[in-house]
Protein chains: 2
Amino acid sequence: MWDIIELLYFAYRDFVGDPDSVLATFGFGRAHHRVLHFVARNPGLKVAELLDILRITKQSLARVLKQLVDEGFVEQREGETDRRQRRLFATPKGEALALRLATQQTRRIRRALAELGPEGHAQARRFLVGMINAGGRDEALHFVDQTTGVPGRR
Amino acid sequence: MWDIIELLYFAYRDFVGDPDSVLATFGFGRAHHRVLHFVARNPGLKVAELLDILRITKQSLARVLKQLVDEGFVEQREGETDRRQRRLFATPKGEALALRLATQQTRRIRRALAELGPEGHAQARRFLVGMINAGGRDEALHFVDQTTGVPGRR
DNA sequence: CGAAATATGTCAACATGGCTGACATAAATG
DNA sequence: CATTTATGTCAGCCATGTTGACATATTTCG
C-alpha cells in the first residue's frame with residue numbers, strides 16, 4: 001500500500017500543477033481554479049452547496065469568489081424561487097477559462113488511462129470513488145455525475 | 001474525463017484528511033507528515049533529495065524539519081563519505097508515528113482496492129504512475145520502490 | 001595549496017489560502 | 001411578528017508556500 005500512498009502524492013502534485021502557469025497569468029491561484037471549476041460544472045450552484053463541496057469556510061470562499069466575480073468570470077443571480085440565494089454561474093469568459101484549465105488535466109488523464117486498456121476509465125473511477133469517505137460518497141457523485149452544464153456546451 | 005478530475009479531488013481530499021486529527025495532537029500539520037513519511041521510507045535521505053521529492057524550498061523544509069528534529073522524530077547524521085551532508089533518519093518514535101499515520105491511509109486504500117478485484121492494485125498503480133509527469137516518473141518510482149527501510153521493519 | 005563548487009543552514013520579508021468569532025442584512029417561514 | 005435561513009463582511013490569526021541574500025563547512029579541481 002505504501003506505493004499507492006506515494007504515487008497518489010506524486011500524481012496529485014503533478015495533476016494540480018498543470019494549470020498553475022495559466023492561472024498565474026490571470027493572477028489566480030488553485031483556490032480560484034477549484035471554485036471556477038465547480039461553478040462551471042454546476043450552473044446555478046448555491047453558495048452553500050459550493051461551501052459543502054470545498055469544505056472551506058464562507059470567508060475563505062468569499063475572498064476568491066469576489067475576485068472571480070469582479071473580474072467577470074463568475075456571475076451571481078438571485079434565486080428564482082428564493083431571493084436570498086445567489087446562484088452562481090460561469091460567464092462565457094469563465095467557461096472558456098475553466099475549459100482551458102481542464103483541457104490540460106484531461107490530456108494527462110487520457111494519457112494515463114490509455115495505458116490501462118479498455119476498462120481503464122471504469123477501473124480508475126471505481127478506485128477513486130472507493131477512496132472517498134463512505135459517508136460523502138453519494139453527495140460527491142451527485143456533483144460528479146448529475147451535471148447539467150459541462151463547460152463548452154452551455 | 002471530468003469525472004476523474006473531480007473524483008481525484010474528492011479522493012485526495014479525504015485521503016490526506018485521514019491523518020489530520022492524529023497530527024493535530026502532536027501540533028503537526030500536513031507538511032510535517034510529508035517530511036516524516038519520506039524520511040521514514042528512505043532512511044539516510046539527503047536533504048537535497050528530500051527537497052527534490054517535495055518540490056519546496058529549503059526554507060519551507062527547514063521550518064518543519066527543525067520541529068521534527070527538535071521533538072525527536074527525525075535525526076540528522078553526518079554523511080559517512082561526505083561530511084557536509086546531513087543524512088536524515090526517523091527515530092523509533094518517528095517511525096512509530098509514520099506507521100500510525102500510514103495505517104489509516106492504508107486502510108482506506110485497501111478498502112478501495114478490494115472493490116476492484118485481484119488486479120486492482122496493479123491497475124491503480126499503473127493509473128497513478130501514468131498521471132505523473134513523464135519526466136519525473138523514473139525518479140518518483142525510485143523513491144517508491146527502492147525502499148530499504150519500510151517503517152516498522154527497520 | 002588555494003580557488004571554486006557543493007551541501008546545508010539561516011535571516012527577513014512577503015503571499016496564499018486556510019481558520020475563528022462576531023456581527024449585519026434580507027428574505028422566507030411558521 | 002418572531003425566528004430561521006442564506007449570504008456577506010470585518011478583523012485578525014495560522015500554516016505553509018515564496019524570494020533573495022548571506023554564512024559555514026567541506027569537497028573537488030586546476
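Hydrogens, waters and symmetry mates play no part in the numbers below; they use all other heavy atoms, side chains included.
- Of the residues in residues 10-21 of chain A, none lies under 4.0 Å from DNA chain C by heavy-atom distance.
- For the side chain to side chain donor-acceptor pair (under 3.5 Å) test, residues two or more places apart in sequence or in another chain that qualify with A:Gln67 are A:His32.
- Legend: salt bridge (Lys or Arg N to Asp or Glu O under 4.0 Å) pairs involving residues 47-59 of chain A, not counting sequence neighbours, sorted by first then second residue: A:Arg55-B:Asp14.
- Under the salt bridge (Lys or Arg N to Asp or Glu O under 4.0 Å) criterion, A:Arg100 pairs with no residue, sequence neighbours left out.
- By the salt bridge (Lys or Arg N to Asp or Glu O under 4.0 Å) test, B:Arg84 pairs with B:Asp82, sequence neighbours left out.
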Base, backbone or nothing for each nucleotide of nucleotides 13-19 of chain C, written B, S, -, heavy atoms under 4.0 angstrom, 5' to 3'?
----BBB
Distance-only criterion, 3.5 Å: show the donor-acceptor pairs between side-chain atoms of residues 130-141 of chain A and protein atoms not counting sequence neighbours.
unit_1, atom_1, unit_2, atom_2, d
A:Asn133, OD1, B:Arg108, NH1, 3.0
A:Asn133, OD1, B:Arg108, NH2, 2.6
A:Arg137, NE, A:Val129, O, 3.3
A:Arg137, NE, A:Ile132, O, 3.3
A:Arg137, NH2, A:Ile132, O, 3.1

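- Residue pairs meeting the ring pair (Phe, Tyr, Trp, His ring centres under 6.0 Å) criterion with at least one partner in residues 44-78 of chain A, sequence neighbours excluded, are A:Phe26-A:Phe73, A:Phe28-A:Phe73.
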Using a 4.0 Å cut-off on protein heavy atoms (strictly under), produce a 5'-to-3' string for nucleotides 25-30 of chain D with B for base contact, S for backbone-only sugar-phosphate contact, and - for none.
BBS---
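- Residues forming a salt bridge (Lys or Arg N to Asp or Glu O under 4.0 Å) with A:Arg111 (at least two apart in sequence, or on another chain): none.
- Among residues two or more places apart in sequence or in another chain, the side-chain contact (heavy atoms from CB on, under 4.5 Å) test is passed with B:Arg83 by B:Glu78.
- When the salt bridge (Lys or Arg N to Asp or Glu O under 4.0 Å) test is applied to B:Asp20, the partners found at least two apart in sequence or on another chain are B:Arg30.
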